[in-house]
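Values reported hereafter were calculated over all heavy atoms of this structure, with side chains retained and with hydrogens, waters and symmetry mates removed.
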Amino acid sequence: MSRPRIGFLGIGWIGRHRMQAIAETGLAEIAAIADPSPAMLEEATRLAPGARRAGGLEELLAQELDGLVIATPSALHAEQSAQALRRGVAVFCQKPLGRTAPEVQAVVDAARAADRLLAVDLSYRFTEGMRRIRELVQSGELGRIHAVDLVFHNAYGPDKPWFYDPAQSGGGCVMDLGVHLVDLALWTLDFPAVGAVSGTLFAGGERLGARPGRVEDYATAQIDLRDGTALRRPAPGGCRPAATR
């Protein structure tokens, strides 16, 4: 059987490392790459010298790909994923898949309509520590979980301007790192129904209102589940946007 032909849209730090990991397995052909940065293209070409350079998503999709890995600014994920799926290309997308529930639902609907695989890089599910925690919770060994505290400490910040632009990032640390926290909590608890959500965002120590025009660098949040369990992103500590992709 021929190897699946994979394209990469966005080959910064995360995209390039995903590409290297796939290339090293030998299970797929790195067929095409696209990124607006000439430096990133040079780095990626050293890892996959046979890959064709494309000018963007349309050129990538013209390469008869079987799958596409998307590691672009977060606000672009939903539309790019849906576009690839509508063209019959399977998608592996960095989180978040979308900025809103309707955006995410539209991508899921596109995958179902095209009958193509769709996956999101919620990578912390695959760490040994989280797998073991989930096993303990699911087995009942810890009893009934009535509350969960969620904290993500990040000692480094982004070095690309798009992380600070809501139009490209979709938001700050909640959109970027908070996705992991919420996913891990719900995944560990086997996705119980959510009753209510509340939160407060800050930037530079200033509390942000609705549609603030800038991204948050600190947040507190609470998710109340319908079974009575409380998920809390507590005030102590802090969160900052993740490192550049």
Contact between P73 and F163 at the side-chain level, heavy atoms closer than 4.5 Å - yes or no?
no
| message | Quick check on the hydrophobic clustering: are L150 and L184 connected, directly or via other members, by side-chain heavy-atom contacts under 4.5 Å? | response | yes
Do the non-hydrogen side-chain atoms of L9 and V69 ever get within less than 4.5 Å of each other?
no
- Message: Using only atom types and a distance under 3.5 Å, with no angle test, would you say the side chain of D217 pairs donor to acceptor with the backbone of G204?
- Response: yes
Taken in chain and number order and not counting sequence neighbours, the residues that satisfy side chain to side chain contact (heavy atoms under 4.5 Å, CB included) with A203 are L208, R214
Here the salt bridge (Lys or Arg N to Asp or Glu O under 4.0 Å) pairs for residues 32-42, sequence neighbours left out, are E42-R53
With sequence neighbours left out, the residues meeting side chain to side chain contact (heavy atoms under 4.5 Å, CB included) with A48 are M19, I30, A51
Separation between CG (L41) and CZ (R16), nearest 0.5 Å, reads 10.5 Å
message: A side-chain contact here means heavy atoms from C-beta on lying under 4.5 Å apart; do M130 and W187 qualify?
response: yes
With a 4.5 Å cut-off on side-chain heavy-atom distances among I, L, V, M, F, W and Y, is there a chain of contacts connecting L97 to F92? no
Taken to the nearest 0.5 Å, the spacing of L68 CG from C93 SG works out to 9.0 Å
Closest non-hydrogen contact found for G170 with A75 is N-CB, 4.0 Å
Heavy-atom closest pair (S169 atom, W162 atom, distance to 0.1 Å) is CB-O, 3.5 Å
Notebook entry, point to check: Is the count of non-hydrogen atoms from other residues, nucleotides or ligands lying under 6.0 Å from R52 atom CZ greater than 12?
Noted result: no
Check the pair L231, L186 against side chain to side chain contact (heavy atoms under 4.5 Å, CB included), reporting the backbone distance first and the verdict last.
-> CA-CA 9 Å; L231 310 182; L186 297 178; 3.9 Å; yes
Would you say that H77 contacts T72 through its side chain, given a criterion of any heavy-atom pair below 4.5 Å between the two side chains? yes
Value for CD (Q20) from CZ (F8), rounded to nearest 0.5 Å, stands at 10.5 Å
Hydrophobic cluster identity match, L65 and L47, side-chain contacts under 4.5 Å: no
Are the charged groups of E135 and R132 less than 4.0 angstrom apart, N to O?
yes
message = Could you check whether any side-chain heavy atom of S81 comes within less than 4.5 Å of a side-chain heavy atom of I70, counting everything from C-beta outward?
response = yes
Single-linkage hydrophobic cluster, 4.5 Å side-chain cutoff, V179 and L181 together: no
Smallest heavy-atom separation, Q222 atom then A230 atom, equals NE2-CB, 3.6 Å
Contact between V148 and I223 at the side-chain level, heavy atoms closer than 4.5 Å - yes or no?
no
Candidate pair Q83 and V89, rule side chain to side chain contact (heavy atoms under 4.5 Å, CB included), full reasoning
CA-CA 9 Å; Q83 187 174 342; V89 177; over 6 Å; no
(message) So that I can tick it off, tell me whether D121 and K95 are bridged by a salt bridge, with the cut-off set at under 4.0 angstrom between side-chain N and carboxylate O.
(response) no
Mind checking whether E216 and C173 have side chains closer than 4.5 Å, heavy atoms only? yes
Between the OH atom in Y124 and the CG atom in D183, the distance rounded to the nearest 0.5 Å is 12.0 Å
Residue set satisfying side chain to side chain contact (heavy atoms under 4.5 Å, CB included) with Q138, at least two apart, ordered chain then number -> R134, D190
Taken in chain and number order and not counting sequence neighbours, the residues that satisfy ring pair (Phe, Tyr, Trp, His ring centres under 6.0 Å) with F191 are none
Return a table of donor-acceptor pairs under 3.5 angstrom between the side chains of residues 107-118 and protein atoms on other chains or two or more places apart.
unit_1 : atom_1 : unit_2 : atom_2 : d
D109   : OD1    : Q105   : NE2    : 2.9
R116   : NE     : G88    : O      : 2.8
R116   : NH1    : A114   : O      : 3.3

Query raised in the report: Do P96 and M175 come within less than 4.5 Å of each other through their side chains, counting heavy atoms only?
Result: yes
Applied to residues 40-59, the ring-ring contact (aromatic ring centres under 6.0 Å, His included) test, sequence neighbours excluded, yields none
So the salt bridge (Lys or Arg N to Asp or Glu O under 4.0 Å) pairs with at least one residue in residues 84-93 (sequence neighbours excluded) are E58-R87, E79-R86
*asked:* Test side chain to side chain contact (heavy atoms under 4.5 Å, CB included) on D224 and V197; report intermediate values, then the result.
replied: CA-CA 6 Å; D224 294 318; V197 178; over 6 Å; no
Does R3 pair with E29 as a salt bridge, N-O distance under 4.0 Å? no
Taken to the nearest 0.5 Å, the spacing of R131 CZ from L136 CG works out to 14.0 Å
Looking only at the side chains, is there a donor atom on one of Q63 and E59 sitting less than 3.5 Å from an acceptor on the other? no
Contacts of Q168 meeting side-chain hydrogen bond (donor to acceptor under 3.5 Å, both in side chains) (sequence neighbours excluded), chain-then-number -> D165
Contacts satisfying ring-ring contact (aromatic ring centres under 6.0 Å, His included) that involve residues 196-215 (not counting sequence neighbours) are F202-Y218
request  = Evaluate the side chain to side chain contact (heavy atoms under 4.5 Å, CB included) criterion for residues L57 and L61: first the C-alpha distance (whole Å), next the side-chain angles of each, then the deciding distance (0.1 Å), finally the verdict.
outcome  = CA-CA 6 Å; L57 178 56; L61 296 177; 3.8 Å; yes
Output for pair (I14 CD1, S123 OG), nearest 0.5 Å, gives 8.0 Å
Residues pairing under salt bridge (Lys or Arg N to Asp or Glu O under 4.0 Å) where one sits in residues 60-75, two or more places apart or in two chains, turn out to be none
Applying side chain to side chain contact (heavy atoms under 4.5 Å, CB included) to A28 and not counting sequence neighbours gives P4, I6, I22
